[in-house]
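Notes follow the structure.
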Amino acid sequence: MLSRSICTSAIAAILLSANNASAFMPSNVPSRGSRVSTTRGSSLHMSAALIVQNKGGGHGELGYQLAKTLQTNSKITSITILQDDACNDSKEPFKSYSTDLPNVNIVKASLADESMTADSLQSILGEGTSFEYVWDNASKGPVGAGKAICDCAKSWNTKLFTYVSSAGMYKPNGVFPMPETTPVKETAGQHLFDMYAVDIGLPLVSFRPQYIYGPKSNKYDYIDWYFDRLCRELPLPIPGDGTQKVSLTNSEDVASLLASVLDNEEEAVKQRFFNCGTDKLYSYDEVAYMCAEAAGIAKDKVMIEHYDSDVFGKAKFPFRPTDFYVSPDMAKEKLGWKGPSHDLKEDLKWYYEGYVARGGPTREVSLEKDYEIVVASKTSFELGSIYDPYMPLNIDTSSVKTLKVE
């Protein structure tokens, strides 16, 4: 009798344990996508995160880095990336999803589809699927997929809706670094998105990043501009006096900033708007000398040509002709963000190696505007220009007739 009683109790305990275990299984894991996400933790409260990721460009790496960051956050138990299907899966960071994010569910959708509705988006994600936390790194305005994401988040009763906006919509008023109260372009798509999210009652937190680089980036324009000229022993046409400051931020630091909303959700929603970037600022000229150092080029070999942007405009220079930078002071104060863990000067070492591996020193580069600033503006005609190897003088002889001498 004793042994039978023990066996019966043991079976009952196993069944009870199995029933209780079902409470730990997420009810909202997406049923579609190329991979199925897994959950972690032992809390009864499941918190699913959705990252809406664009097809690439300056923000192209953020979804990847954010997913890596959220994987280590105890608040998040499952992660789904809603990926724009226009991305190139053979390029970074998308080709690293399967190896680096094996427990993240990837769902593809046409995020450029302006006919997308909340119902069609819900169908793509899976009926009954919902997310407590949403990070939108794709929407450019409250239309199509952008509006659909907002409307879905509203129906899910999302706890936090974090939007990756842009500091590019600021209208500088002479105060630098530009605070969050800087006037914005009211017609900017990101501003209209902010307003729509607020109007429908979403717990919006909107970040305004600037220039981003990273180890798995798919946009290299900003820093490549410097190396393209340094590696060809050409002048660097920099507007003004070169003392203008720039905020170049590693994508991993941007991801940690975006994730910091989880550290103080109430303050995040209360403040709502946050500048997003490093507090380690450098001048345009300083970036030139740091790039030269990373490439093993002596400082006295760096040729900087300062020019008047009122005459030549922005030309091919990657940044604004004038000061245009932000600081993350508000995020540090309200969210407790500890600041960047990366420094541009150190990162330029691996960046330069990647530049060389991508064929940077030998690829074709557009230098017409450089020539106009450095050479053509100072002389009507010059033979033997330093730009000749890269801009050979092509003379059209198709209409030339043979001279007949009688």
Side-chain angles (χ1 to χ4, degrees), residues 56-60 140 165-178 182-191 208-214 217-249 254 275-278 281-292 302-327 344 348 351 355 360 363-379 385-387 390-391:
H59 293 190
K140 298 300 182 186
S165 180
S166 172
M169 66 177 175
Y170 278 141
K171 298 191 295 184
N173 56 6
V175 179
F176 294 99
M178 295 179 289
T182 303
V184 300
K185 302 171 186 174
E186 294 187 359
T187 58
Q190 293 93 338
H191 173 67
R208 296 165 175 173
Q210 284 195 297
Y211 307 107
I212 303 169
Y213 68 93
S217 176
N218 50 49
K219 181 177 181 179
Y220 307 97
D221 301 4
Y222 311 128
I223 302 175
D224 274 18
W225 182 91
Y226 285 89
F227 284 122
D228 284 343
R229 287 148 183 81
L230 289 167
C231 292
R232 291 166 177 78
E233 299 182 350
L234 294 173
L236 289 81
I238 294 178
D241 61 6
T243 61
Q244 306 94 308
K245 293 290 193 296
V246 63
S247 171
L248 278 160
T249 311
V254 175
N275 285 328
C276 182
T278 181
L281 305 174
Y282 295 99
S283 72
Y284 294 165
D285 282 7
E286 286 175 329
V287 175
Y289 291 119
M290 289 192 300
C291 286
V302 178
M303 298 176 285
I304 295 178
E305 183 85 13
H306 292 134
Y307 70 89
D308 187 351
S309 60
D310 289 338
V311 176
F312 298 102
K314 186 173 178 290
K316 290 292 184 177
F317 192 65
F319 310 125
R320 305 288 181 103
T322 59
D323 277 314
F324 193 85
Y325 60 93
V326 299
S327 79
L344 178 63
L348 284 173
Y351 187 101
Y355 172 79
R363 70 182 176 199
E364 186 176 341
V365 177
S366 175
L367 297 166
E368 287 81 3
K369 208 60 178 171
D370 292 46
Y371 175 85
E372 179 185 346
I373 294 170
V374 178
V375 179
S377 63
K378 301 172 183 177
T379 178
S385 163
I386 55 176
Y387 292 96
Y390 311 102
M391 295 172 55

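The analysis underlying the following values was restricted to heavy atoms, covering all of them including side chains, and did not include hydrogens, waters or symmetry mates.
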Is there side-chain contact between [X] and [Y], with heavy atoms separated by less than 4.5 Å?
X	Y	answer
Tyr387	Leu234	yes
Phe324	Gln210	yes
Met290	Leu344	yes
Ser385	Tyr371	yes
Pro235	Ile304	no
Leu281	Val246	no
Ile238	Asp285	yes
Glu372	Phe312	yes

Quiz item: If you count the non-hydrogen atoms of other residues, nucleotides and ligands that lie under 6.0 Å from CD in Glu233, is the total more than 12?
Solution: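 Not buried by this count: 12 neighbours or fewer within 6.0 Å.
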Practice problem: Please step through side-chain contact (heavy atoms from CB on, under 4.5 Å) for the pair Thr322 and Gln244, ending with a clear verdict. | Solution: CA-CA 6 Å; Thr322 59; Gln244 306 94 308; 5.5 Å; no
Quiz item: Do the side chain of Lys185 and the main chain of Ala188 share a donor and acceptor less than 3.5 angstrom apart?
Solution: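 Pair absent, no side-chain N/O of Lys185 close to backbone of Ala188.
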Exercise. Could you tell me whether a side-chain N or O of Asn275 sits under 3.5 Å from a main-chain N or O of Val326, the two making a donor and an acceptor?
Key: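 No, the answer is negative, given that no donor and acceptor are paired below the 3.5 Å cut-off.
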Nearest 0.5 angstrom please: [X] [atom1] to [Y] [atom2], how far?
X	Y	atom1	atom2	answer
Thr182	Met169	OG1	CE	10.5 Å
His59	Ser166	NE2	OG	5.5 Å
Tyr307	Lys369	OH	NZ	8.5 Å
Ile212	Thr278	CD1	OG1	12.0 Å

Could you pull out the closest heavy-atom pair between [X] and [Y], with the gap in Å?
X	Y	value
Ser165	Pro209	O-CD, 3.3 Å
Lys219	Ser217	O-OG, 2.8 Å
Ala288	Leu230	O-CD1, 3.7 Å
Ser283	Lys245	N-CD, 4.0 Å
Glu305	Val374	CG-CG2, 4.0 Å
Ser247	Gly277	OG-CA, 4.0 Å

Quiz item: In a check of side chain to side chain contact (heavy atoms under 4.5 Å, CB included) between Tyr220 and each of Phe227, Tyr355, Tyr351, which one passes?
Solution: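 Only one option passes, and that is Tyr351.
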Quiz item: Can you check whether Tyr213 and Tyr211 have ring centres sitting under 6.0 Å from each other?
Solution: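 They do not qualify: ring centres at least 6.0 Å apart.
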Quiz item: Should Lys316 and Asp370 count as an ion pair when the cut-off is N to O under 4.0 Å?
Solution: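 Result for this pair is no, no salt bridge flagged.
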Quiz item: Hey, are Asp224 and Arg363 close enough for a salt bridge, meaning a charged N less than 4.0 Å from a carboxylate O?
Solution: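 A salt bridge is present here (some side-chain N lies under 4.0 Å from a carboxylate O).
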Self-check item: Worked check of side-chain contact (heavy atoms from CB on, under 4.5 Å) between Thr243 and Glu286
Solution: CA-CA 8 Å; Thr243 61; Glu286 286 175 329; over 6 Å; no
Practice problem: Carefully, step by step, assess Ile386 and Arg232 under the rule side-chain contact (heavy atoms from CB on, under 4.5 Å). | Solution: CA-CA 10 Å; Ile386 55 176; Arg232 291 166 177 78; over 6 Å; no
Exercise. Start with the C-alpha distance between Cys291 and Val287, add both sets of side-chain angles, then the distance that settles side-chain contact (heavy atoms from CB on, under 4.5 Å), and finish with yes or no.
Key: CA-CA 6 Å; Cys291 286; Val287 175; 4.1 Å; yes
Quiz prompt | Parallel, tilted or perpendicular, as decided by the 30° and 60° cut-offs, for the rings of Phe319 and Tyr226 | solution =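 Tyr226 vs Phe319 ring planes: tilted.
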Quiz item: In terms of side-chain heavy atoms, does Tyr325 have a donor or acceptor partner in Arg320 at a distance below 3.5 Å?
Solution: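 No pair is found: no donor N or O on one side chain lies under 3.5 Å from an acceptor on the other.
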